Structure formats: C-alpha cells, structure tokens
Amino acid sequence: MERSLPVRRLNPDHVQTLVERVNTCPFFELMSMQLDSFEAGASHLEIALKEKHLQPYGIVHGGVTAAIVDAAAFWAVYACVEEGVGLTTVDIKVNYLAPISAGKMIGRGRCIKAGRTICLADAAIETPEGLLIAHGTATMMVLSSMKLAGQETLPPKFIDE
C-alpha cells in the first residue's frame with residue numbers, strides 16, 4: 001500500500017468502540033452488515049444474506065454488493081487518515097463477477113493510496129469458500145469539516161509512542 005501520510009499506531013480501544021458503533025448504525029443494521037475489523041490499510045466486513053437482499057431473479061441485488069465494496073474500501077482507508085477528519089466516497093466502480101443467492105458475502109478492503117485530500121481503495125467480495133463475487137474500487141475525499149457522530153466521546157484514534 002502506498003501512503004503519503006505517516007502511518008501511526010491505532011488505539012485498540014478506538015477500534016473496538018468504533019466497530020461497535022458502526023455495527024449498530026441504521027444502515028449497517030438495515031443491510032445486516034458487520035464490520036469485523038479494520039487496521040491501517042485493511043478491513044474485513046460480512047453480510048449474512050437474507051431474502052431482503054435479493055432482487056426479483058433470486059440473486060443478491062447489485063446495490064447490496066456495491067454497498068459492501070464501498071464500506072470495505074472506506075474502512076481500509078479510515079485508519080490511514082488523520083484523526084478528526086471525515087471521508088466521503090466520490091466515486092465507486094464495481095465489477096460483478098458471480099451471482100450469489102444465499103450464505104455470506106465477505107468484503108476485504110485494501111487501501112491503495114491515502115493522500116491529504118483524495119484516497120483510493122479496493123475491495124474483493126467473496127463467499128466463505130473463496131468464490132470471488134465482485135471486485136471494486138472507491139475514491140474517497142478527505143474532509144476536515146466532516147466529523148463522526150459522537151466523535152468527541154471516542155477514545156483517541158492513535159497511540160502516540
């Protein structure tokens with residue numbers, strides 16, 4: 001992973017608190033999506049598929065797949081940007097590679113470049129057996145004006161050494 005910003009050590013308390021908040025946010029609950037972990041440059045998410053994820057042909061709707069690509073890419077970048085800034089996706093591209101109708105989708109995000117204003121990440125979406133369902137890239141903009149809800153109550157993002 002290429003980064004133009006220095007990598008700092010993440011605070012495990014920050015990660016744990018944020019994972020709990022993310023997993024109980026309305027969108028993640030609606031999608032039945034779980035952020036399992038994130039670290040500098042990588043993330044791991046899962047969606048336990050339900051009937052609500054299917055389109056009329058009985059396979060997972062492309063929007064569900066795009067959502068996990070977006071989230072996996074986002075959380076892979078999050079740990080690579082400075083504390084107190086926000087991120088928003090400005091572009092996403094998804095290649096749909098195989099249909100799925102039941103089970104689990106696992107999203108693994110990877111930060112390709114974290115800059116001061118623009119970040120690029122990708123995500124692979126697979127089944128637990130390793131079948132590649134989709135691959136995508138996402139470009140995110142770093143915004144100093146955007147804050148996480150309840151950010152002031154989070155443990156510090158980084159541990160100063």
Side-chain angles (χ1 to χ4, degrees), residues 1-5 7 10 12 14-82 85-143 146 148-149 157:
M1 169 187 54
E2 181 181 333
R3 284 186 220 95
S4 58
L5 299 174
V7 176
L10 274 176
H14 180 88
V15 172
Q16 180 181 351
T17 302
L18 197 50
V19 165
E20 290 169 6
R21 286 188 187 182
V22 168
N23 288 337
T24 58
C25 82
F27 184 72
F28 272 59
E29 286 186 340
L30 175 70
M31 297 298 292
S32 301
M33 187 163 26
Q34 291 287 306
L35 173 61
D36 290 333
S37 63
F38 68 88
E39 59 188 44
S43 69
H44 183 273
L45 290 89
E46 293 186 2
I47 292 181
L49 295 174
K50 300 181 178 184
E51 188 175 351
K52 69 181 179 181
H53 296 116
L54 305 180
Q55 43 93 312
Y57 288 97
I59 60 174
V60 171
H61 189 281
V64 175
T65 306
I68 195 169
V69 166
D70 187 27
F74 178 97
W75 290 107
V77 167
Y78 172 82
C80 299
V81 298
E82 292 298 317
V85 300
L87 291 166
T88 189
T89 302
V90 294
D91 180 65
I92 187 169
K93 181 186 185 315
V94 180
N95 292 105
Y96 300 95
L97 304 170
I100 185 171
S101 58
K104 244 184 221 186
M105 291 194 326
I106 299 168
R108 290 185 177 86
R110 177 180 64 106
C111 179
I112 297 169
K113 174 150 175 115
R116 295 192 187 284
T117 56
I118 297 291
C119 302
L120 177 66
D122 70 353
I125 312 304
E126 301 175 327
T127 65
E129 299 77 31
L131 176 65
L132 186 61
I133 300 299
H135 177 267
T137 58
T139 306
M140 284 148 276
M141 181 184 297
V142 179
L143 298 170
M146 183 181 276
L148 285 167
K157 185 174 182 178

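None of these values were measured; they are calculated from a predicted model.
- Taking both residues in full, the closest heavy atoms of Ala98 and Leu132 are given as CB-O, 3.7 Å, listed atom of the first, atom of the second, then distance.
- The shortest side-chain heavy-atom distance between Ser32 and Lys52 falls under the 4.5 Å cut-off.
- Nearest heavy-atom pair, Ala134 versus Val94, reported as atom, atom and distance to 0.1 Å: CB-CG1, 4.2 Å.
- In terms of heavy-atom proximity, Ala72 sits nearest to Gly107 at CB-C, 4.2 Å.
- Within the 4.5 Å cutoff, the side chain of Leu143 has heavy atoms near those of the Thr88 side chain.
- Without hydrogens or angle criteria, Ser43 side chain to Glu39 main chain gives no donor-acceptor distance under 3.5 Å.
- Rounded to the nearest 0.5 Å, atoms OG1 (Thr24) and CD (Glu29) are 6.0 Å apart.
- Side-chain atoms of Gln55 come within 3.5 Å of backbone atoms of Tyr57 as a donor-acceptor pair (strictly under, hydrogens ignored).
- In terms of heavy atoms, Leu87 sits closest to Phe74 at CB-CE1, 3.3 Å.
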Check your understanding: side-chain contact (heavy atoms from CB on, under 4.5 Å) between Asp36 and Arg108: does it pass, once the steps are laid out?
Key -> CA-CA 10 Å; Asp36 290 333; Arg108 290 185 177 86; over 6 Å; no
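- When atom types are taken as modelled, the side chain of His53 and the backbone of Met31 share a donor-acceptor pair closer than 3.5 angstrom.
- Here the CD1 atom belonging to Ile68 is positioned 10.5 Å from the CD atom belonging to Gln34, to the nearest 0.5 angstrom.
- Surrounding NZ of Lys50 are at most 12 heavy atoms belonging to other residues, nucleotides or ligands under 6.0 Å away.
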Exercise for review: Just do the side-chain contact (heavy atoms from CB on, under 4.5 Å) check on Leu49 and Lys104 with the steps written out, would you?
Suggested key: CA-CA 6 Å; Leu49 295 174; Lys104 244 184 221 186; over 6 Å; no
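- In this structure, OG1 on Thr117 lies 12.5 Å from CE on Met140, to the nearest 0.5 angstrom.
- Under the side chain to side chain contact (heavy atoms under 4.5 Å, CB included) test applied with Ile100, the options Thr65, Leu131, Val64, Val60 reduce to a single match, Val60.
- Nearest heavy atom pair, residue Cys111 against residue Val77, reads SG-CG2, 4.0 Å.
- With Asp91 contributing its side chain and Thr139 its backbone, the two residues share no donor-acceptor pair below 3.5 Å.
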Practice item. Applying side chain to side chain donor-acceptor pair (under 3.5 Å), run through Thr89 and Asp70 and close with a yes or a no. Key: CA-CA 8 Å; Thr89 302; Asp70 187 27; 2.6 Å; yes
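- For the pair Tyr96 (side chain) and Gly62 (backbone), a donor-acceptor distance under 3.5 Å is present.
- Not one N or O on the side chain of Thr17 forms a donor-acceptor pair closer than 3.5 Å with the backbone of His14.
- Considering Asp122, Val69, Ile125 in turn, Asp122 is the only one that fulfils the side chain to side chain contact (heavy atoms under 4.5 Å, CB included) rule with His135.
- Pairing each heavy atom of Met33 with each of Asn23, the nearest pair is O-OD1, 4.1 Å.
- By the 30° and 60° cut-offs, the orientation of the rings of Trp75 relative to Phe38 is tilted.
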Review point. Would Leu148 and Tyr78 count as a side-chain contact (heavy atoms from CB on, under 4.5 Å) if you check the C-alpha gap in whole Å, the side-chain angles of each, and the deciding distance to 0.1 Å?
Key: CA-CA 11 Å; Leu148 285 167; Tyr78 172 82; 3.7 Å; yes
**Study point:** Residue pair Leu97, Ile133: steps toward the side-chain contact (heavy atoms from CB on, under 4.5 Å) verdict
**Key:** CA-CA 5 Å; Leu97 304 170; Ile133 300 299; over 6 Å; no
